[in-house]
Amino acid sequence: MPQHSPVRRTPLDAEERARAEAGFASLVTEHLLTSGRFRVSADTPEMVDLFQGVARRVGERLGRPVVSYANGRYIVIAFSQEETAALA
């Protein structure tokens with residue numbers, strides 16, 4: 001049986017990262033406004049860092065507190081609990 005080599009990921013350069021953050025920020029903003037949270041696979045430190053940057057951009061764009069939680073497999077971006085409680 002042939003052995004598969006592990007997938008090698010090439011780190012994003014600064015321009016690719018900026019484009020990724022900008023693009024994902026629009027998607028995450030839409031999800032937060034419609035469902036209150038966004039979840040995506042983030043199984044590497046680079047992906048967690050990228051989506052934490054996205055969360056900061058979204059919070060700035062909306063002028064509302066946004067938080068992110070990562071567990072090594074996923075990252076969840078949502079409005080902060082204080083923000084959610086104030087809206088209730």
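For the single chain, residues carry numbers from 1 onward in sequence order. Atom set for the values below is all heavy atoms of this structure, side chains included, hydrogens, waters and symmetry mates excluded.
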If you look at every heavy atom in Ile75 and Ala42, which pair is closest and at what distance? CG2-CB, 3.7 Å
Sub-4.5 Å side-chain heavy-atom contact between Arg73 and Ser41: no
Centre of Phe79's six-membered ring, under 6.0 Å away, within 45 degrees of the axis: is that where NZ or CZ of Arg64 sits? yes
For Tyr69, what residues pass the side chain to side chain contact (heavy atoms under 4.5 Å, CB included) criterion, not counting sequence neighbours? Val67
Please report the shortest heavy-atom distance between Ala20 and Leu12, naming the atom on each side. CB-CD1, 4.5 Å
Any chance you could measure Ser68, atom OG, to Ile77, atom CD1, to the nearest 0.5 Å? 6.0 Å
How far does CZ of Arg39 sit from CZ of Phe51, to the nearest 0.5 angstrom? 13.0 Å
Which pairs with one or both residues in residues 16-26 pass side-chain hydrogen bond (donor to acceptor under 3.5 Å, both in side chains), sequence neighbours excluded? Glu15-Arg19, Arg17-Glu21, Arg17-Asp49, Glu21-Arg57, Ser26-Arg61
For the residue pair Val48 and Ala70, what are the closest heavy atoms and their distance? CG1-CB, 3.9 Å
What closest approach, in Å, do Val76 and Arg37 show between heavy atoms, and which atom pair accounts for it? CG1-NH1, 4.1 Å
Taking the side chain as every heavy atom from C-beta outward, state whether Val40 and Tyr74 have any pair of such atoms under 4.5 Å apart. no
Aromatic plane relationship, Phe38 with His31 - under 30° parallel, 30 to 60° tilted, over 60° perpendicular: perpendicular
Enter the distance from Leu32:CG to Leu62:CG here, rounded to the nearest 0.5 Å. 7.0 Å
